[in-house]
Amino acid sequence: MSRTIIVSNRLPTKVHRTAEGLDFQPSEGGLATGLGSIYRSDNNVWVGWPGLFVDDPTEQHTVTERLRANSMAPVFLTEDEIRDYYEGFSNSTLWPTFHYFTQFATYNDEHWQAYVAVNEKFCAAVLALAGPEDTIWVQDYQLLLLPEMLRRARPQATIGFFLHIPFPSYELLRVLPWGADLVRGMLGADLIGFHTYGYMRHFLSAVSRMLGLSIQNGQIETPTRTVLVDAFPMGIDYQRYELAAASPVVEEHQRAYREALRDVRVVLSIDRLDYTKGIAQRLLAFEQLLLRHPEWREQVSLLMVVVPSRDQVAHYAALKEEIDELVGRINAQYRTISWNPIQYFYRSFPFDELVSLYRLADVALVTPIRDGMNLVAKEFIASKTHQRGVLILSERAGAAVELSDALLINPTNTNQLVEALNEALLMPEDEQITRMANMQDLVRQYDVFAWTRLFMDRLAHSKEKQHTMTTNELDAEATDQLLRDYEAATRRLLLLDYDGTLVGFHNNPQRAQPDQELLELLTMLAANPQNRVVIISGRDRTTLQRWLGHLHLDFIAEHGVWLRQAGQEWHLFQELRADWKQDLRPILELYVRRTAGSFIEEKDYSLVWHFRRADAELGAIRARDLITHLNFMTSNAELQVLEGNKVIEIKNAGINKGTAAARWLSMAQPDFVLALGDDRTDEDTFAALAPDAYTVKVGRAPRSLARYSVDDSGEVRKLLRRLI
Ligand SMILES: O=P(O)(O)OC[C@H]1O[C@H](O[C@H]2O[C@H](CO)[C@@H](O)[C@H](O)[C@H]2O)[C@H](O)[C@@H](O)[C@@H]1O
Ligand SMILES: O=c1ccn([C@@H]2O[C@H](COP(=O)(O)OP(=O)(O)O)[C@@H](O)[C@H]2O)c(=O)[nH]1
Ligand SMILES: [Mg+2]
């Protein structure tokens, strides 16, 4: 039976060494608590770090066995790995960068090396466990490279990836020396999920800007696969909180707390120790409340839980000191014999006590500076079965997108925060109930089980789509058949596109000249008297002549405008006009001025606007504009507007690679045809050929007329070499 293998840095169970032996406790943090409810079902397994160092093989064995009984498989990490991969790259480079705290980010190559190595370690652990039918679901920023590593080892695997933290604007990502590697690593997945559309948008923008891949409706076309990207706001195990809220244990805790606090109102704050959570800002706002609204003194206490986290990282240790000091100062200033303004706990609470705190609180103050989602906000809502209580929520938490009935605030606006606190404490009960009921409906419906189902459905959909959309891969079997037919034939026609097919793309098209390997390949192919080798390209004839003219090849240049058989002169396909160029050139010039980095290429009978070097998003917008503009201008002029790979070309109507290829067919009467091409204009060639021709699309486009596809120009060369 196929299973789901969840992979994350930390397991949902933390192992500690105590005097009595090993102790197993639930992990804190949204990822572990959120997914913790689902992994045990259906034979699933969770792979991750158990939270302690175990060198001794016997002890490793004990830990492994204990975890196995609970559907977990440990990846043991060394102290050096935790220092460089976890505290280093993950939490001193990625975490601050992705949360817009670039001033805290370090760029250390050793940390990067460790990050790569540990991702490889996870890869090996997953491969040892996963069967070919299993679904692999990789979680979070510590494992951004893992999807691609798994993909290389298992090209057919079903791989999902979910990012639990924000995905930042491209402007932040580009600061990282390894930005493009990280994005490429994620693209190994079949489905990539984010909490919000905002994060998803940033990711797509990074993909198009850094890797130049084309994107439509959240679908990324990589050279080998289509990758789906979508927003899936994570939920919680609603029922677990709702049931606990009504349980006698929780009631008993709550009663005891209430008795100790007497009738003081409670503002609750719960987070891991983290500078992204806005804990210090929250304390300052509470101080301001006491200062500006003295009527709340002795009436309200801030109950603040800070769960120890990443305290080996300098900025976390510093924050701990800052909080200690602030709490000390505020308490010293305002406390009375019978009232403590801030009840501060630096430790984690067991589940039942946490739920009791949620129920006890009049106000939950959730004010992160940045937060991927924030599950505390949702847990508070689920625990409020009596529907009394107010949520104050930062608009920069992912949860704010869904929880619009909270009092939404900007966490850096202290005045707003103070007034929201005052408003919350004064809010009439009926308004509390209305808001809470609305939010409960939503959080109940979109719980963590619905979240998982949706993600898994979309993952299956992505896989299906890949299967139905791609042309058949030119696999070993098809290649063998091709070679047999090639051998058997005596009049062979090879139609070879140049850019994107024989060579890869270059930012400057003039730099894409043939290398030695290609020249040799073409020479040898053409040396066989039974072969007729045609370069069929959109390039101008001068460039083709200069680069390849000395070889015994035929040429179709400018998408069929200029033709030349080996050893003969260039001639035109037919009489053509070029006088239209002077009317249209100014339009293209206007688009060059409006689009930095774009430029015009002029051929004898065509004009081309190139936007590969322009900003990817602007380029795409301008291209749409230009096409509309040109279609209008050329409607009566017997011209056509062609879209290629980051180019728009205007040329005479009725001439294309297909019409030119047809001429070679009637001239050569071949008994074997192989055509290779990568872009829209090569589809005309494919269309002109008989069904038994070997038509091969380079790259995996959603739709192609070709019978087969190969990944890239490297594969093309491999195939050509086998023909020799
Ligand atoms: O494993 P740690 O280093 O101790 O950190 C704990 C976890 O913190 C982060 O949680 C995030 O996931 C939540 C659920 O999606 C989300 O609500 C929250 O906004 C995120 O910060 C981190 O992403 C996890 O990998 C850590 O395990
Ligand atoms: O003493 C505590 C306090 C909090 N939490 C849990 O820690 C998680 C925090 O997740 P959140 O998404 O709010 O933020 P993260 O820590 O993941 O950034 C929530 O599920 C809390 O219930 C916990 O397990 N023990
Ligand atoms: Mg091409």
Side-chain angles (χ1 to χ4, degrees), residues 8-12 14 25-37 48-49 51 82 86-87 90-91 94-95 98-99 139-143 162-166 193-196 199 232-237 240-241 268-274 276-277 305-313 316 345-351 353-355 357-358 366 368 370-380 382-383 396-399 448 451 496-505 512 535-539 559 644-645 647 657 676-682 685 697-699 713 716:
S8 72
N9 167 64
R10 190 186 286 287
L11 284 173
K14 253 183 180 171
Q25 292 292 328
S27 305
E28 297 88 12
L31 194 157
T33 56
L35 272 166
S37 298
W49 180 55
I82 284 300
Y86 173 74
E87 285 150 12
S90 298
N91 288 319
L94 293 177
W95 181 273
F98 280 40
H99 286 88
Q139 312 287 331
D140 230 357
Y141 64 101
Q142 302 91 342
L143 300 174
F162 190 84
L163 186 72
H164 290 263
I165 65 175
F194 299 91
H195 282 306
T196 73
Y199 308 156
F232 305 89
M234 187 180 187
I236 59 165
D237 185 350
R240 180 164 177 245
Y241 287 86
L268 180 67
S269 145
I270 298 183
D271 325 78
R272 274 183 310 101
L273 176 73
D274 208 305
T276 60
K277 301 286 184 181
V305 177
V306 176
V307 181
S309 178
R310 307 173 193 168
D311 44 17
Q312 298 305 308
V313 178
Y316 288 73
F345 305 84
Y346 181 62
R347 59 182 163 90
S348 76
F349 278 64
F351 176 71
E353 293 181 36
L354 218 51
V355 178
L357 291 178
Y358 287 140
V366 182
R370 296 274 170 187
D371 209 335
M373 171 52 70
N374 195 291
L375 298 181
V376 164
K378 293 186 172 179
E379 293 166 5
F380 171 71
S383 306
R396 292 204 293 272
V448 72
W451 177 75
L496 309 178
D497 167 54
Y498 187 77
D499 291 278
T501 300
L502 295 176
V503 299
F505 284 105
I535 301 297
I536 179 163
S537 167
R539 288 222 175 229
H559 296 115
N645 193 318
V647 295
K657 286 184 176 180
L676 294 161
D678 71 297
D679 77 10
R680 231 314 277 123
T681 63
D682 302 303
T685 314
K697 161 94 190 171
V698 184
S713 56
V716 168

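These numbers were taken from a predicted model, which means no experiment stands behind them. Atoms within each ligand, like the ligands themselves, are counted from 1 in listed order. This chain uses plain numbering: 1 for the first residue, then up along the sequence.
- I270 and V376 make their closest contact through O-CG2, 3.7 Å (heavy atoms, listed as atom of the first residue, atom of the second, distance).
- Side-chain contact check for Y86 versus R10: some heavy-atom pair is nearer than 4.5 Å.
- Remark: ligand 1 atoms within the under-4.0 Å shell around heavy atoms of G372 are 19 (O).
- With a 4.0 Å heavy-atom cut-off, ligand 1 is reached by the backbone of M373 and by its side chain too.
- Counting heavy atoms from C-beta on, the side chains of Y141 and N91 come closer than 4.5 Å.
- Of all atoms in ligand 1, listed by their number and element, those nearer than 4.0 Å to a heavy atom of H195 are 15 (O).
- Counting atoms of ligand 1 from 1 in the listed order, those under 4.0 Å from a heavy atom of N374 are 16 (C), 17 (O), 19 (O).
- Residue-level proximity to ligand 2 for D274 is absent, since no heavy atom of it falls below 4.0 angstrom.
- The two atoms that bring D140 and L31 nearest to each other are OD2-CD1, 3.4 Å, heavy atoms only.
- With a heavy-atom cut-off of 4.0 Å, D271 does not touch ligand 2 at all.
- Atom 6 (C) of ligand 2 has T33 CG2, 4.0 Å as its closest protein atom, hydrogens excluded (heavy atom only).
- Here V376 has heavy atoms under 4.0 Å from ligand 2 in both its backbone and its side chain.
- Residue-ligand proximity, I270 to ligand 2, at heavy-atom distances under 4.0 Å covers atoms 3 (C), 4 (C).
- From the protein, the heavy atom lying nearest to atom 7 (O) of ligand 2 is G29 N, 3.2 Å.
- For M234, every heavy-atom contact with ligand 1 shorter than 4.0 Å involves the side chain, none the backbone.
- Annotation: side chain of D499 is not in contact with side chain of N645 (no heavy-atom distance under 4.5 Å).
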Go through the steps for F98 and R370 under the test side chain to side chain contact (heavy atoms under 4.5 Å, CB included), then give the verdict. CA-CA 9 Å; F98 280 40; R370 296 274 170 187; over 6 Å; no
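- Taking only nitrogen or oxygen atoms, main chain and side chain alike, N91 does not reach within less than 3.5 Å of ligand 1.
- Contacts with ligand 1 closer than 4.0 Å are made by no heavy atom of Q139, backbone or side chain.
- Among the atoms of D371, some N or O lies under 3.5 angstrom from an N or O of ligand 1.
- Of all protein heavy atoms, the one lying nearest to atom 13 (C) of ligand 1 is G30 CA, 3.6 Å.
- Summary of contacts: the protein heavy atom closest to atom 17 (O) of ligand 2 is G30 N, 2.5 Å.
- Checking R10, H164, R310 against atom 8 (O) of ligand 1, the nearest heavy atom belongs to R310.
- Applying the salt bridge (charged side-chain N to carboxylate O under 4.0 Å, His left out) criterion to R396, with sequence neighbours excluded, gives no partner residue.
- Only side-chain heavy atoms of W95 come within less than 4.0 Å of ligand 1; its backbone N, CA, C and O stay farther off.
- Residue D140 touches ligand 1 through its side chain alone, judged by heavy-atom distances below 4.0 Å.
- Between M373 and ligand 2 there is no heavy-atom distance shorter than 4.0 Å.
- Of the inter-residue distances, the one linking Y241 atom OH with I236 atom CD1 reads 6.0 Å to the nearest 0.5 angstrom.
- Protein heavy atom in closest approach to atom 3 (C) of ligand 2: V307 CG2, 3.4 Å.
- Listed by number with element, the atoms of ligand 1 under 4.0 Å from a non-hydrogen atom of Q142 are 25 (O).
- Side-chain contact between D497 and K657 is present, with at least one heavy-atom pair separated by less than 4.5 Å.
- Minimum heavy-atom separation, G372 to H99: N-NE2, 4.4 Å.
- Nearby protein atoms of type N, O or S around the Mg ion (ligand 3) amount to 3 (distance under 2.8 Å).
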Assess the residue pair Q142 and W49 against the criterion (side chain to side chain contact (heavy atoms under 4.5 Å, CB included)); give the C-alpha distance rounded to whole Å, side-chain angles, the decisive distance to 0.1 Å, and a yes or no. CA-CA 11 Å; Q142 302 91 342; W49 180 55; over 6 Å; no
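- The backbone N or O of L11 sits less than 3.5 Å from a side-chain atom of S27, completing a donor-acceptor pair.
- Counting only heavy atoms of the protein, atom 23 (C) of ligand 2 lies nearest to E28 CG, 3.7 Å.
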Could you walk me through whether M234 and H195 satisfy the side chain to side chain contact (heavy atoms under 4.5 Å, CB included) test, starting with their C-alpha distance in whole Å, then the side-chain angles of each, then the deciding distance to 0.1 Å, before giving a yes or no? CA-CA 6 Å; M234 187 180 187; H195 282 306; 3.3 Å; yes
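- Of all non-hydrogen atoms in L268 and L357, the two that sit nearest each other are CD2-O, 3.6 Å.
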For D678 and V716, run side chain to side chain contact (heavy atoms under 4.5 Å, CB included): C-alpha distance rounded to whole Å, both residues' side-chain angles, the deciding distance at 0.1 Å, then the answer. CA-CA 11 Å; D678 71 297; V716 168; over 6 Å; no
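- Contact annotation: the side chain of T276 never approaches that of P368 to less than 4.5 Å [non-hydrogen atoms, C-beta and beyond].
- Between F162 and W451, the two ring planes are perpendicular [angle over 60°; tilted spans 30° to 60°].
- Regarding atom 5 (N) of ligand 2, its nearest protein heavy-atom neighbour is L354 CD2, 3.9 Å.
- Scanning all heavy atoms of the two residues, the minimum distance from G504 to A512 falls at O-CB, 4.4 Å.
- The nearest protein atom to atom 1 (O) of ligand 2, hydrogens excluded, is given as F349 N, 2.6 Å; this is a heavy-atom distance.
- Within ligand 1, the atoms closer than 4.0 Å to a non-hydrogen atom of L375 are 14 (C), 17 (O), numbered from 1 in the order shown.
- What you find for Y346 and L273 is that their closest heavy atoms are OH-CD2, 4.1 Å.
- Nearest to atom 2 (P) of ligand 1 among the protein's heavy atoms is Y86 OH, 3.4 Å.
- Atom 11 (P) of ligand 2 has L375 N, 3.5 Å as its closest protein atom, hydrogens excluded (heavy atom only).
- The atoms of ligand 1 that sit less than 4.0 Å from any heavy atom of I165 are 23 (O).
- A search for side-chain contact (heavy atoms from CB on, under 4.5 Å) contacts involving S713 returns nothing, not counting sequence neighbours.
- With sequence neighbours excluded, the residues forming a side-chain hydrogen bond (donor to acceptor under 3.5 Å, both in side chains) with R272 are D274, S309, listed by chain and number.
- Less than 4.0 angstrom separates some heavy atom of Y141 from each of these atoms of ligand 1: 22 (C), 23 (O), 25 (O).
- When E379, K277, R272 are checked for heavy-atom proximity to atom 14 (O) of ligand 2, K277 turns out nearest.
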